Protein chains: 2
Amino acid sequence: MNRGSRSGGANLPALRHHNASLVLDLLRVAGEQGISRLELAGRTGLTPQAVSKITARLRTEGLATEAGRLASTGGKPRTVLRLVPDAGYAVGLHLDRDELTAVLADLAGTTVATRTFPLHLGAPAAEVLATAAHAVRTVRADAPAAAARQVFGVGAALPGPLDHRSGVLHRVTGFPRWDGYPLRDALAEHTGLPVVVDKDTNAAALGLALRERAEADFVYLHLGTGLGAGLVLGGALHRGARTGAGEFGHQTLQLDGPPCDCGGHGCIEALCLTAVARGDIPEAARILGAGAANLVGLLDIDRVVLGGRTVAAHEDAYVNGVRAVIEERARREGVTASVPVTVAGGGDRPVAEGAAQLVLAPLFGRAGEDGGERG
Amino acid sequence: MNRGSRSGGANLPALRHHNASLVLDLLRVAGEQGISRLELAGRTGLTPQAVSKITARLRTEGLATEAGRLASTGGKPRTVLRLVPDAGYAVGLHLDRDELTAVLADLAGTTVATRTFPLHLGAPAAEVLATAAHAVRTVRADAPAAAARQVFGVGAALPGPLDHRSGVLHRVTGFPRWDGYPLRDALAEHTGLPVVVDKDTNAAALGLALRERAEADFVYLHLGTGLGAGLVLGGALHRGARTGAGEFGHQTLQLDGPPCDCGGHGCIEALCLTAVARGDIPEAARILGAGAANLVGLLDIDRVVLGGRTVAAHEDAYVNGVRAVIEERARREGVTASVPVTVAGGGDRPVAEGAAQLVLAPLFGRAGEDGGERG
DNA sequence: ACCACTTAAGCAACGCTGTTGCCAAAGTGC
DNA sequence: GCACTTTGGCAACAGCGTTGCTTAAGTGGT
């Protein structure tokens, strides 16, 4: 069951919800192509009859529909089922230091509207909130009429550390005035919608995780004005005990190395960005690769995804540089299976799209460690 | 549900097993003191009536029993239930480089017999296997007669990297001849019991995790002849995609630093053990602390436990040194909650005890990511 | 064109789960 | 001794996935 439904005890409604989420997730992953009942049964381990009952309920609720049939394999052809994408929507907000991106995503994860607004994160809270609320209204208005009624909530992603559980910000890097601000509740009041907040790197990682199989272990490394990580372990975002996981930029990579703004020495972010400032991209990639290799070895990650504006400027150099370090270390340790290193296309767009998934993912049983309820 | 029952679909027997495991785990944690039905209901989120039914089944199976009653709070006093420790046993083996420790643990995790044998891990496989099988027979003979019949299996912990899922060893550090050896199946044949193998650090971490609440996130750092880690995330061992997680010793902590036996540079193990060899314990502790702080920040761990012979020789120095680094970094980042640093007492004994838990933990729903079945 | 065979998927009955409503058991306190 | 509180079992129940069977809808040989 969703590990962490506060207490762990599971009853029949919980069982039903769990299996329904599982099936819905497989329908989502199957996309427009759809998936047959029997394949759903095979993938879930449920009996075909159970899948028939579950999909019948989903069809009644309007979440799934029949969509053609496959070629026969000697008998009655399989009926294909697929998700109904416009059965629900979510708004994703990316509050970056200098701009606000808002997207409207449907159940399938497709972005049906995008808007960008200038934003100064250092401005007073009321101003930032007004901009955010305006952005939400605007993307809702952009979308077809049916969408407006079925918006499940707003996911908001922003830099700095914060408490995902309570929705309270900590010291957003560079903007100390946000320390202790209850963004989730404030935004919920301004928009009249449920709100989920999380770090930008977590949002991006979640968005990427939803494109992978449900058990994936991977890490998203975001190199922009800072350096952060989003960890997906066992298919779920790892947020840690105080939802502060992913502090990657201030990992010590060079003991007693050059000082960093944070007060430490030899932080990977400082080393990496210094190299970038010098224009030495291969060295920046090598440093990032050393940090990534540490992570791969420690967690036995099976995929590394790079993103952020700085990476976007020299994608190949970073991918190749990071891959080289990881492969060299794997060779030393006699590991044969290689860990793919890829780049998340679209610069910062994955963050806003992932933010929308903060709201949608719980429907598919893809919440993090702390659950989430149906709409 | 046990995330990772191959496919994720859950049916009624799975539900029943899940809830029974949960209750059994709470009974185990409650220890000799026991726990009332109503508290079980509160902790699990199940209704009192459901708990009554579940505990009635457990009592019928001989796994639980009534044990006195609490003081009344104005009405009928609560009946206390507790685990029946001798309802099942498991053997734990710690195959170290120079000696083999075998323990017999009961369901409550209590060690009821211990034996130590000399062992040379570099000897031919047949010799090592014979010693291991002899050790298993010996600890079984040491225990009361009832125990001999109810041994669920053997858990074996050893250094080097290995594949937990298949039970095949990789290059055990320093003993290349073990590479590719199917230890689990070989030992199962020699003993006639189910066998589970894992890294020594994972076994120790699992043993420690079972003493904590079920949702704990912590890391066990073992400094002996090498340096390794065992990660417990969300209450479960994190083994990673290829069950190779916990490679902590060869994390790069000093970019382009002094060479390490592994072929890399600036590995934390090399730095740390060089300092130990110089007799500079505070420096070794500081280096270990830097690695631990990286880990705490990255994963938002809420506890660090140190162990191993090298640590045991200067417990206070290591605990204080590591704590100092972690606290300094927490202060820099404005985190108030402190991360406790403790030491696992008993030198290497926690490894053998944890090895036994490789077999017992699945009964309590505390398996790692890859399940495990009832006896 | 027909018919035997294969495969998919719904219907009905079933076993078993936790839940609900009720009542007996076993204390406390006036 | 009686009213009250609290625990915990009994019985009936709703709802989950499972099993056995039937119907639907194809293929392929004759």
Side-chain angles (χ1 to χ4, degrees), chain A residues 1-2 5-24 34-61 64-82 365, chain B residues 1-2 5-24 34-61 64-82 365:
Chain A
M1 204 99 316
N2 275 337
S5 44
R6 208 191 88 267
S7 43
N11 54 17
L12 280 127
L15 180 83
R16 169 188 172 137
H17 182 242
H18 171 80
N19 286 339
S21 297
L22 211 64
V23 169
L24 212 51
I35 184 171
S36 70
R37 287 179 180 79
L38 280 151
E39 191 168 350
L40 286 170
R43 298 264 194 109
T44 56
L46 296 168
T47 60
Q49 185 59 29
V51 171
S52 276
K53 286 191 176 181
I54 291 164
T55 54
R57 285 198 298 264
L58 294 176
R59 283 188 295 154
T60 306
E61 295 170 30
T65 187
E66 297 196 340
R69 33 187 58 186
L70 296 175
S72 165
T73 59
K76 176 175 175 174
R78 301 181 177 184
T79 310
V80 171
L81 299 167
R82 64 168 176 75
Chain B
M1 203 96 320
N2 274 336
S5 45
R6 209 192 88 266
S7 41
N11 53 19
L12 279 121
L15 179 84
R16 170 189 174 139
H17 182 240
H18 170 80
N19 286 339
S21 297
L22 211 64
V23 169
L24 211 53
I35 184 171
S36 70
R37 286 179 180 80
L38 279 147
E39 191 167 351
L40 286 171
R43 297 265 194 109
T44 56
L46 296 168
T47 60
Q49 185 59 28
V51 171
S52 276
K53 285 190 176 180
I54 291 165
T55 54
R57 285 198 298 263
L58 294 175
R59 284 189 296 154
T60 307
E61 295 170 29
T65 188
E66 296 195 341
R69 35 186 57 187
L70 295 175
S72 165
T73 58
K76 177 174 175 176
R78 301 181 176 183
T79 310
V80 170
L81 299 166
R82 65 168 176 74

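So you know, we letter chains A, B, ... as the sequences are listed, proteins then strands, and number each from 1. Predicted model only: the values in this text are computed from it and were never measured. All values below were derived from every heavy atom in this structure, side-chain atoms included, with hydrogens, water molecules and symmetry-related copies excluded.
No side-chain donor-acceptor contact under 3.5 Å links H18(B) to the backbone of G365(B).
Listed pair R78(B) / dA26(C) fails the phosphate criterion, with no side-chain N or O lying under 4.0 Å from OP1 or OP2. For dA25(D), neither phosphate oxygen OP1 nor OP2 lies less than 4.0 angstrom from any side-chain nitrogen or oxygen of R69(A). For dT7(C), the OP1/OP2 oxygens have no side-chain nitrogen or oxygen of S72(A) closer than 4.0 Å. Using a 4.0 Å cut-off, some side-chain N or O of N11(B) falls inside it from OP1 or OP2 of dT18(D).
Between the CZ atom of R37(A) and the C1' atom of dA24(D) there is a distance of 13 Å, rounded to whole Å. Here the P atom of nucleotide dT17(C) and the NE2 atom of H18(A) are 18 Å apart, to the nearest Å. Rounding to whole angstrom units, CG of residue L38(A) and P of dG10(C) are separated by 10 Å. The distance between atom CD of E66(B) and atom P of dG8(D), rounded to the nearest whole Å, is 8 Å. dA9(C) atom P lies 15 Å from atom CG of L46(A), rounded to whole Å.
Note that the OG atom of S52(B) and the CG atom of L40(B) stand 9.5 Å from one another [nearest 0.5 Å]. The CZ atom of R57(B) lies 4.0 Å from the CZ atom of R16(B); values are rounded to the nearest 0.5 Å. Taken to the nearest 0.5 Å, the CD1 atom of I54(A) stands 10.5 Å off from the CD atom of Q49(A).
Heavy-atom nearest nucleotides on DNA chain D were determined for A50(A) and for T55(B), and the one closer to the 5' end corresponds to T55(B).
Within 4.0 Å of T79(B), counting heavy atoms only, lie sugar-phosphate atoms of the nucleic acid but no base atom.
Closest to the S52(A) side chain, of the nucleotides dG18(C), dA9(C), dG8(D), is dA9(C). Which of dA24(D), dG27(C), dT6(D) sits closest to the side chain of K76(A) comes down to dA24(D).
Counting heavy atoms from C-beta on, the side chains of L58(B) and L81(B) never come closer than 4.5 Å. Taking 4.5 Å as the limit, every side-chain heavy atom of T44(A) sits out of range of all side-chain heavy atoms of N19(A).
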What does the list of N/O pairs under 3.5 Å between the protein and nucleotides 11-16 of chain D look like, with a distance for each?
| from | atom 1 | to | atom 2 | distance (Å) |
| --- | --- | --- | --- | --- |
| dC16(D) | OP1 | R16(A) | NE | 3.3 |
| dC16(D) | OP1 | R16(A) | NH1 | 2.2 |
| dC16(D) | OP2 | R16(A) | NH1 | 3.3 |

**Asked** Could you walk me through whether L12(A) and L12(B) pass the side-chain contact (heavy atoms from CB on, under 4.5 Å) check?
**Response** CA-CA 8 Å; L12(A) 280 127; L12(B) 279 121; 4.1 Å; yes
